[in-house]
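The block underneath contains the structure these notes are about, expressed in structure tokens.
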Amino acid sequence: MKNLLIAGGAGFIGSNFIKHLLSNYDYNIYNLDKLTYAGNLKNLDNIKNDKRYHFIKGDICDRQLLGKIFDDYNIHIVVNFAAESHVDRSIEDPEVFSKTNILGTQALMDTAKRYWKVKPYDRYCREYKDGVKYIQISTDEVYGSLGITGKFTEENPVSPNSPYSASKASADMIVRAYYETYCFPIIITRCSNNYGPYQFPEKLVPLMINNALKEKPLPIYGDGKQVRDWIFVKDHCTAIDTVLHKGKLGEVYNIGGNNERENIQIVKLLLNYLGKSEQLIAYVRDRLGHDRRYSIDNTKISTELGWFPSYTFEKGLEETIKWYLDNQEWMDEIVSGDYIMYYEQMYSTSF
Ligand code: NAD
Ligand code: TYD
């Protein structure tokens with residue numbers, strides 16, 4: 001049985017991924033999460049008693065704790081989801097993004113490198129005997145913004161525009177450098193915008209669902225014609241699974257859902273599903289440095305590893321809306337806490 005350290009497993013994608021792993025493999029999972037505002041143990045309620053699952057509260061920047069985790073649990077694989085993940089928050093307060101996303105990544109790799117006794121021994125070695133590896137969960141946002149045509153391939157230069165994407169791009173550079181310099185066994189994934197169950201309602205889809213259900217205005221930044229390439233979180237999980245088991249060390253894999261939509265289209269779709277009026281739509285001041293369009297070219301992961309997304313946007317969105325309707329307590333608990341202050345601060349001058 002393998003021992004996996006999942007960093008940031010109490011967040012949106014990490015918690016979905018832990019459940020995916022436990023349903024498909026007999027692995028021991030160690031979930032290290034600081035439980036920031038975005039971390040929520042309720043996301044893992046239905047597996048918390050699984051004997052293969054263990055939660056550790058802590059910070060990926062805490063090198064002493066990391067050393068103890070590697071010593072105590074003989075970690076073979078690290079999947080790093082832990083991050084500050086919201087662009088708007090990074091515009092307000094960028095420092096913590098650099099700390100967690102860059103220095104935290106480095107601390108995880110340094111600990112694993114020491115524990116796995118990685119040596120720069122063979123430039124062409126593509127696999128370590130015992131299968132140890134480090135997967136960095138990155139984002140398509142590191143590539144910057146596209147015009148009306150074109151797609152991001154893994155060959156695109158990294159050109160981030162927000163403090164969030166700059167911190168993720170910086171982490172990617174360090175991860176890549178550890179492979180080139182030390183033969184540290186890494187793989188980087190760069191995925192497009194996720195949606196699905198357990199997403200924190202600061203992100204577009206759950207924020208709009210929550211506001212629509214409460215008949216509050218739906219704040220659309222700028223003209224609402226920015227394009228994102230949406231992927232259902234369960235498809236992202238199968239892609240990470242594929243990369244983890246079949247990916248080549250030292251490589252970057254883009255992951256996307258082949259679902260480009262303008263923000264305004266998504267919001268109208270949501271309102272339509274929920275039977276709410278488009279009168280709720282409110283155009284507000286644009287985000288600073290707002291990227292216009294993202295679009296992922298999936299060719300590499302599809303042709304080399306045989307992964308394809310399985311959800312259409314309509315099916316994924318329907319499943320997502322149903323989940324939020326069935327789990328209103330989960331949402332209400334979040335939006336009644338610190339979220340009130342966040343929302344006030346972020347949106348009070350917008351309307
Ligand atoms: P999230 O904000 O929902 O979850 C992040 C988790 O990391 C939380 O549980 C939080 O408590 C934890 N965390 C934060 N700082 C930490 C620290 N210092 N130490 C330990 N834990 C810490 O984010 P998400 O949407 O689940 O994203 C997960 C990863 O996927 C991130 O690295 C993000 O950059 C990447 N990603 C996200 C998307 C998306 O659309 N959400 C798309 C592509 C890539
Ligand atoms: P978001 O979910 O924050 O993801 P990202 O910025 O990482 O792509 O936002 C998705 C898109 O929706 C982005 O173009 C910004 C826009 N948006 C709004 O128009 N209004 C909002 O209240 C939010 C949160 C996002």
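Order of listing sets the numbers, starting from 1, for every ligand and every atom in it. What you see is a predicted model; the values in this text were computed from it and never measured.
- Assignment of Ser15 to the shell around ligand 1 is not supported, since no heavy atom sits closer than 4.0 Å.
- Note on Lys151 versus Glu260: salt bridge recorded, some NZ/NE/NH1/NH2 to OD/OE distance being below 4.0 Å.
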What are the atom names and distances for all N or O pairs under 3.5 Å between ligand 2 and the protein?
from     : atom 1 : to     : atom 2 : distance (Å)
ligand 2 : 2 (O)  : Leu204 : N      : 2.9
ligand 2 : 3 (O)  : Arg287 : NH2    : 3.0
ligand 2 : 4 (O)  : Asn193 : ND2    : 3.3
ligand 2 : 6 (O)  : Arg287 : NH1    : 2.5
ligand 2 : 6 (O)  : Arg287 : NH2    : 3.3
ligand 2 : 7 (O)  : Glu141 : OE2    : 2.4
ligand 2 : 8 (O)  : Asn193 : ND2    : 2.9
ligand 2 : 8 (O)  : Arg228 : NE     : 2.7
ligand 2 : 12 (O) : Asn263 : ND2    : 3.3
ligand 2 : 14 (O) : Arg228 : NH2    : 3.2
ligand 2 : 14 (O) : Asn263 : ND2    : 2.9
ligand 2 : 14 (O) : His290 : NE2    : 2.7
ligand 2 : 19 (O) : Tyr221 : N      : 2.9
ligand 2 : 20 (N) : Pro219 : O      : 2.8
ligand 2 : 22 (O) : Pro219 : O      : 3.4
ligand 2 : 22 (O) : Tyr347 : OH     : 2.7

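- Between the side chains of Ser310 and Lys315, no donor-acceptor pair of N or O atoms lies under 3.5 Å.
- An N or O contact shorter than 3.5 Å links Thr100 to ligand 1 by distance.
- Side chains of Lys216 and Tyr347: no donor on one and acceptor on the other come within 3.5 Å.
- Atoms of ligand 1 lying under 4.0 Å from at least one heavy atom of Ser138, given by number and element, are 43 (C), 44 (C).
- Among Cys191, Ser85, Ser192, the residue whose heavy atom sits closest to atom 2 (O) of ligand 1 is Ser85.
- Asp229 and Ser192 share no donor-acceptor pair across their side chains, judged by distance under 3.5 Å alone.
- Polar contact with ligand 1: absent for His236 (N/O pair, distance under 3.5 Å).
- Between Trp323 and Trp330, the angle of the ring planes goes over 60°, which puts this pair in the perpendicular group of the 30/60° scheme.
- Between Arg190 and Glu141 no salt bridge is recorded (no basic side-chain N to carboxylate O distance below 4.0 Å).
- Taking every non-hydrogen atom of Leu35 and a distance limit under 4.0 Å, the qualifying atoms of ligand 1 come out as 11 (O).
- Taking Tyr294 as the reference, nothing meets the ring-ring contact (aromatic ring centres under 6.0 Å, His included) condition, with sequence neighbours excluded.
- Ligand-side atoms of ligand 1 in range of Asn193: 40 (O), range being under 4.0 angstrom from any heavy atom.
- Looking from atom 21 (N) of ligand 1 to the surrounding protein, the closest heavy atom is Lys34 N, 3.1 Å.
- Using a 4.0 Å cut-off to heavy atoms of Gly58, the atoms of ligand 1 that qualify are 19 (N), 20 (C).
- Between Glu202 and Arg89, at least one side-chain N (NZ, or NE/NH1/NH2) sits under 4.0 Å from a carboxylate O, which counts as a salt bridge.
- The N/O atoms of Asn40, backbone and side chain alike, include none that comes under 3.5 Å of an N/O atom in ligand 1.
- Below 4.0 Å from some heavy atom of Thr36 lie the following atoms of ligand 1, by number and element: 10 (C), 11 (O), 14 (C), 15 (N).
- Using bins of under 30°, 30° to 60° and over 60° for the plane-to-plane angle, the ring pair His245/Tyr25 lands in the parallel bin.
- Looking only at atom types and distance, the side chain of Thr299 has no donor-acceptor partner in the side chain of Ser302 under 3.5 Å away.
- Listed by atom number, the atoms of ligand 1 under 4.0 Å from Tyr164 heavy atoms are 33 (C), 34 (O).
- The two residues Gly196 and Thr320 have their closest heavy-atom pair at CA-OG1, 3.4 Å.
- In Lys168, the part holding a heavy atom less than 4.0 Å from any atom of ligand 1 is the side chain.
- On a distance-only criterion, Ala82 and ligand 1 share no N/O pair closer than 3.5 Å.
- Counted within 6.0 Å of CD on Glu333, heavy atoms from surrounding residues, nucleotides or ligands total 12 or fewer; the atom is thus considered open.
- In this structure, the protein non-hydrogen atom closest to atom 11 (O) of ligand 1 is Asp33 OD1, 2.6 Å.
- Among Gly11, Ala83, Ala10, Gly8, the residue whose heavy atom lies closest to atom 14 (C) of ligand 1 is Ala83.
- For Tyr164, the ring-ring contact (aromatic ring centres under 6.0 Å, His included) criterion is met by no residue, not counting sequence neighbours.
- For the pair Phe12 and ligand 1, the shortest N or O to N or O distance falls below 3.5 Å.
- Taking a cut-off of under 4.0 Å to the non-hydrogen atoms of Phe81, the atoms of ligand 1 that pass are 28 (C), 29 (C), 31 (C), 32 (O).
- Ion pairing of Asp172 with Arg176 is absent here, as no side-chain N (NZ or NE/NH1/NH2) approaches a carboxylate O to less than 4.0 Å.
- By the 3.5 Å distance cut-off applied to N or O atoms, Asp59 is counted among the residues near ligand 1.
- Partners of Tyr178 according to the ring-ring contact (aromatic ring centres under 6.0 Å, His included) rule, which considers only residues two or more places apart in sequence or in another chain, are Tyr182.
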